[in-house]
Amino acid sequence: MDDAAGGTTAGAGETIALTLISHTNAGKTTLARTLLGRDVGVVRDAQHVTDASAAYPLLETAHGDALVLWDTPGFGDSARLARRLATQRQPIGWFLSAVWDRFRDRAFYLSQAALRTVAGRTDVVLYLVSAAEPPSRAGYLAAELDILDWIGKPAIVLVNQTGAPRPQDEAAAGEAAWRDAIGDRAVVRAVATLDAFTRCWVQEIALFDLVADALEGSRHAAMVRLASAWETRRLAQFDEAMAILAAPLAAAAVDREVLPANDGEGAFRAIGRKLGIGDAQGGPAAKASAAMRARLDETLRTATERLLAQDGLDGRAAPDIDATVAAGVVRIAPMSEGRAALVGGALSGAVSGLATDLATGGLSFGAGLVAGALLGALGGAGVARGMNLARGTGAPSLQWSEAFLGGLVAALLLRYLAVAHHGRGGGEWRERECPPFWSTLAGEIVAAHAADIARAWSQRKDPTASAALERECARLMHGVVWQALDRLYPGMLPARG
């Protein structure tokens, strides 16, 4: 490679340079951090934080191609900047730009210097606009579009600072508003959404495809190779993530706690006392269910932290399961599920099915571990659905019910979406409530995959088939999560063989 900014490499490949530009304080450096997966530059809520252009390598391929990302100072007085650029080829204009501004208005000078760099070295401009304000209030837009014309390179407008994840129709409406405001500018090739706080890797792949479409000849071919390499890397990470999610699912499927041989008949009465008509905290069934919840808590926290590490994010999963959900999740056979649901409903005031809770946003991953919300979301019928008392030839034992494990699939889907949408603009990972439309989506997808879930659980009947169970769980989570991403980003997912 002949330099960090652009040009043809020494080998067979080429270097493609992308440049982030925008009005000041629109989040360029934050988005650069999200794309790069590491902290670069300085980020704070102030104007002209970035005071010089800087280039960062994004990707290299075995073919010798390289993708470089430039971060530049933001525009302040865009109208004045556009006028100054228009006169730079005149003697007085050159003097004002190269000499006067350099000493009298450093921020203004740096903006001009950055744009000269962009015009000379970049292949595609990524122009950020902020969704925090409607296009009609962006008084700088016309001047900055003139600046894009002056640069003369293909530009892709990225809608940033969109807030919490939104349904696709709302995101599309936001893009359409900016597209209408920009109008017919030949230099602008596309408008897309890419938020530094809530972007997803699917959007990154779509962006690089747009970049390739904006280039021609050998530059196009190089970008196609780079986009393919980025896609390959992201899909490999996705497969690894599905294996991470499969681990707690498979562990919960085979988890058991053996009860004393004489505890089966009185276990439901003990749980009933725990529901409010007595004290069973020291009983064998209560201790067994607490041990199972603790193990589930640990496996889910471990999986979340592995996902965070995979995405280069900081932070830790919530350390504790909410102990108050215990009353709603334990079933002790041989009482029928119907009778237990009636008892649970009478005690809690409601009997709600898993699908209903999911569809209304009842299953979230807020304060406390996702399992806490999951157990609580089972509602009154959870008395019969959370755990089963299994009787074999030996002593009775507790295990997670198939209904509960189906809910766990949805909970893991929500946890994956949360991590996959946590850009570096969000800072350190923190537990947050999921958007309600995610919960609705999770309920619909889990219902659609009922046969796959049943097939996965059939593997747990063979205690020697743990590896097969984990593979089946990974296939299950792959199908569930892939469908969710396809629903959230229709037409953006790459084809897989």
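Since the model is a prediction, treat every value here as computed from it, not as a measurement.
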Give the minimum heavy-atom separation between [X] and [Y], together with the two atoms involved.
X: Trp178; Y: Ser130; result: CZ2-O, 3.3 Å
X: Val446; Y: Gly406; result: CG1-O, 3.8 Å
X: Arg219; Y: Thr15; result: NH2-O, 2.9 Å
X: Ala474; Y: Ala246; result: N-CB, 3.4 Å
X: Leu20; Y: Leu31; result: CD2-CD2, 4.1 Å
X: Ala456; Y: Leu469; result: O-CD1, 3.3 Å

Restricting to side chain to side chain donor-acceptor pair (under 3.5 Å), what partner residues turn up for [X], sequence neighbours left out?
X: Glu170; answer: none
X: Gln168; answer: none
X: Arg295; answer: Asp255, Glu257

Side chain to side chain, [X] and [Y], heavy atoms closer than 4.5 Å:
X: Leu226; Y: Val211; value: no
X: Asp311; Y: His422; value: no
X: Leu300; Y: Leu408; value: yes
X: Arg415; Y: Val419; value: yes
X: Leu58; Y: Leu36; value: yes

- Knowing that exactly one of Leu158, Asp71, Leu126 qualifies, which makes a side-chain contact (heavy atoms from CB on, under 4.5 Å) with Lys28? Asp71
- Message: Checking Trp457 now: which residues fulfil ring pair (Phe, Tyr, Trp, His ring centres under 6.0 Å) with it, not counting sequence neighbours?
- Response: none
- Item | With Tyr127 via ring pair (Phe, Tyr, Trp, His ring centres under 6.0 Å) - residues at least two apart | none
Rounded at 0.5 Å granularity, tell me how far [atom1] in [X] sits from [atom2] in [Y].
X: Ile16; Y: Phe208; atom1: CD1; atom2: CZ; value: 11.5 Å
X: Leu67; Y: Leu18; atom1: CG; atom2: CG; value: 4.5 Å
X: Leu59; Y: Leu35; atom1: CG; atom2: CG; value: 11.5 Å
X: Thr440; Y: Ile445; atom1: OG1; atom2: CD1; value: 11.0 Å
X: Leu417; Y: Leu413; atom1: CG; atom2: CG; value: 4.5 Å
X: Leu210; Y: Ile156; atom1: CG; atom2: CD1; value: 5.0 Å

- Query: Under 3.5 Å, side chain of Thr122 to main-chain N/O of Ala17, donor-acceptor pair present?
  - Reply: yes
Set of residues satisfying side chain to side chain contact (heavy atoms under 4.5 Å, CB included) with respect to [X], sequence neighbours excluded:
X: Ala214; answer: Val124, Pro154, Arg189
X: Gln310; answer: Gln237, Glu240, Ala241, Leu307
X: Ala176; answer: Arg179

- Item | side-chain hydrogen bond (donor to acceptor under 3.5 Å, both in side chains) pairs, two or more places apart, involving residues 220-229 | His63-Arg225, Asp65-Arg225
Scan the side chains in residues 478-489 for donor-acceptor partners under 3.5 Å anywhere in the protein, sequence neighbours excluded, and list what turns up.
| from | atom 1 | to | atom 2 | distance (Å) |
| --- | --- | --- | --- | --- |
| His478 | NE2 | Arg496 | NH1 | 3.2 |
| Gln483 | OE1 | His449 | NE2 | 2.6 |
| Arg487 | NH2 | Glu444 | OE1 | 2.6 |
| Tyr489 | OH | His421 | NE2 | 2.6 |

- Query: Do NZ/NE/NH1/NH2 and the carboxylate oxygens of Glu472 and Arg475 come within less than 4.0 Å?
  - Reply: yes
- Note: Asp297-Arg293 ion pair, threshold 4.0 Å (strictly below): no
Could you tabulate the donor-acceptor pairs under 3.5 Å formed by side-chain atoms of residues 193-202, not counting sequence neighbours?
| from | atom 1 | to | atom 2 | distance (Å) |
| --- | --- | --- | --- | --- |
| Thr193 | OG1 | Glu175 | OE2 | 2.7 |
| Asp195 | OD1 | Gln161 | N | 2.6 |
| Asp195 | OD1 | Thr162 | N | 2.6 |
| Asp195 | OD1 | Thr162 | OG1 | 3.4 |
| Asp195 | OD2 | Phe197 | N | 2.7 |
| Asp195 | OD2 | Thr198 | N | 3.0 |
| Asp195 | OD2 | Thr198 | OG1 | 3.3 |
| Thr198 | OG1 | Gly163 | O | 3.4 |
| Arg199 | NE | Glu204 | OE2 | 2.5 |
| Arg199 | NH1 | Ala420 | O | 3.1 |
| Trp201 | NE1 | Tyr416 | OH | 2.9 |

- Set of salt bridge (Lys or Arg N to Asp or Glu O under 4.0 Å) partners for Asp452, sequence neighbours left out: Arg455
